Amino acid sequence: QVQLVESGGGLVQSGGSLRLSCAASSTIVSIYAMGWYRQAPGKQRELVALITSGGITNYADSVKGRFTISRDNAKNTVHLQMNTLRPEDTAVYYCKGVSRAYEYWGQGTQVTVSS
């Protein structure tokens, strides 16, 4: 099975940037899709960005134009570049992978945007 470990979260001022990384324990080439989700306290977990094995990306409307998801297959890593951060982006961000038979979730990394 694949283990996913997120990193790069932290505290940033409104308007600032962070880059999240999701490192997989093995190749992600065969994973159908990798995505970033986020969950704020008391709210449902929501999809932020998705990238398929073919490189097709999708973004939540709230982050379009500000966030960019990318994949580095050679390093088994997926990134989420987050620019122009807003307080409403504050949440725990989770990496997810979908393979033929399994879903994989990371433990999450906290992103806090101060106003």
Side-chain angles (χ1 to χ4, degrees):
Q1 62 179 12
V2 177
Q3 293 183 344
L4 304 176
V5 179
E6 303 97 333
S7 63
L11 175 64
V12 65
Q13 293 182 350
S14 180
S17 299
L18 286 172
R19 190 178 78 151
L20 305 184
S21 297
C22 174
S25 60
S26 60
T27 181
I28 62 172
V29 172
S30 297
I31 296 180
Y32 295 159
M34 300 290 298
W36 287 96
Y37 290 71
R38 67 186 181 188
Q39 187 169 24
K43 300 182 68 176
Q44 291 285 106
R45 187 172 299 185
E46 64 177 348
L47 176 66
V48 176
L50 176 73
I51 185 166
T52 71
S53 59
I56 305 299
T57 59
N58 293 101
Y59 298 92
D61 288 341
S62 60
V63 307
K64 285 182 178 178
R66 300 189 297 121
F67 291 10
T68 303
I69 188 170
S70 61
R71 182 180 64 203
D72 186 341
N73 290 338
K75 296 184 177 180
N76 300 328
T77 303
V78 175
H79 301 283
L80 184 69
Q81 179 66 45
M82 305 186 295
N83 298 324
T84 320
L85 283 162
R86 306 164 180 167
E88 54 262 41
D89 295 319
T90 295
V92 177
Y93 284 70
Y94 297 90
C95 181
K96 178 186 178 181
V98 179
S99 67
R100 176 172 58 88
Y102 300 101
E103 290 185 353
Y104 308 98
W105 289 93
Q107 293 181 336
T109 185
Q110 177 71 47
V111 172
T112 302
V113 184
S114 63
S115 59

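Model, not experiment: these values are computed from the prediction. For the numbers below, each heavy atom of this structure counts, side chains included, while hydrogens, waters and symmetry mates do not.
Ion pair Lys64/Asp61 flagged as a salt bridge, since at least one NZ, NE, NH1 or NH2 atom sits closer than 4.0 Å to an Asp/Glu carboxylate oxygen.
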| field | Arg66 vs Asp89, side-chain contact (heavy atoms from CB on, under 4.5 Å): CA-CA, chis, key distance, verdict | value | CA-CA 11 Å; Arg66 300 189 297 121; Asp89 295 319; 2.8 Å; yes
| query | What's the verdict on side-chain contact (heavy atoms from CB on, under 4.5 Å) for Leu80 and Phe67, showing C-alpha distance, side-chain angles and the deciding distance? | reply | CA-CA 7 Å; Leu80 184 69; Phe67 291 10; 4.1 Å; yes
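Tracing side-chain contacts under 4.5 Å through hydrophobic residues (I, L, V, M, F, W, Y), one reaches Met82 starting from Tyr59; they form part of the same cluster.
In terms of heavy-atom proximity, Met34 sits nearest to Gly97 at SD-CA, 3.6 Å. Nearest heavy-atom pair, Val111 versus Gly9, reported as atom, atom and distance to 0.1 Å: CG2-CA, 4.2 Å. Closest approach of Tyr93 and Glu6 over heavy atoms only: O-OE2, 4.0 Å. The nearest pair of heavy atoms linking Ser115 to Ser14 is CA-CB, 4.3 Å.
One distance of note links SG of Cys95 with CH2 of Trp36; it measures 5.0 Å at 0.5 Å rounding.
No more than 12 heavy atoms of other residues, nucleotides or ligands lie within 6.0 Å of CD in Gln107, so this atom counts as exposed by the packing criterion. For CD of Gln3, the number of neighbouring non-hydrogen atoms (other residues, nucleotides, ligands) closer than 6.0 Å is 12 at most.
Side-chain contact check for Asp72 and Thr77: no donor-acceptor pair (N or O, by modelled atom type) lies under 3.5 Å. With hydrogens and angles left out, the side-chain atoms of His79 and Ser70 include no donor and acceptor closer than 3.5 Å.
The side-chain tip of Arg45 points at the ring of Tyr94 from less than 6.0 angstrom away and within 45° of straight on.
Proximity of Leu47 to Leu50: side-chain heavy atoms (C-beta onward) are separated by under 4.5 Å at one or more points. Residues Glu103 and Lys96 have side chains in contact (heavy-atom distance under 4.5 Å, counting atoms from C-beta outward).
Residue Thr112 is tested with Leu18, Leu85, Val12, Thr90 for a side-chain contact (heavy atoms from CB on, under 4.5 Å); the sole match is Thr90.
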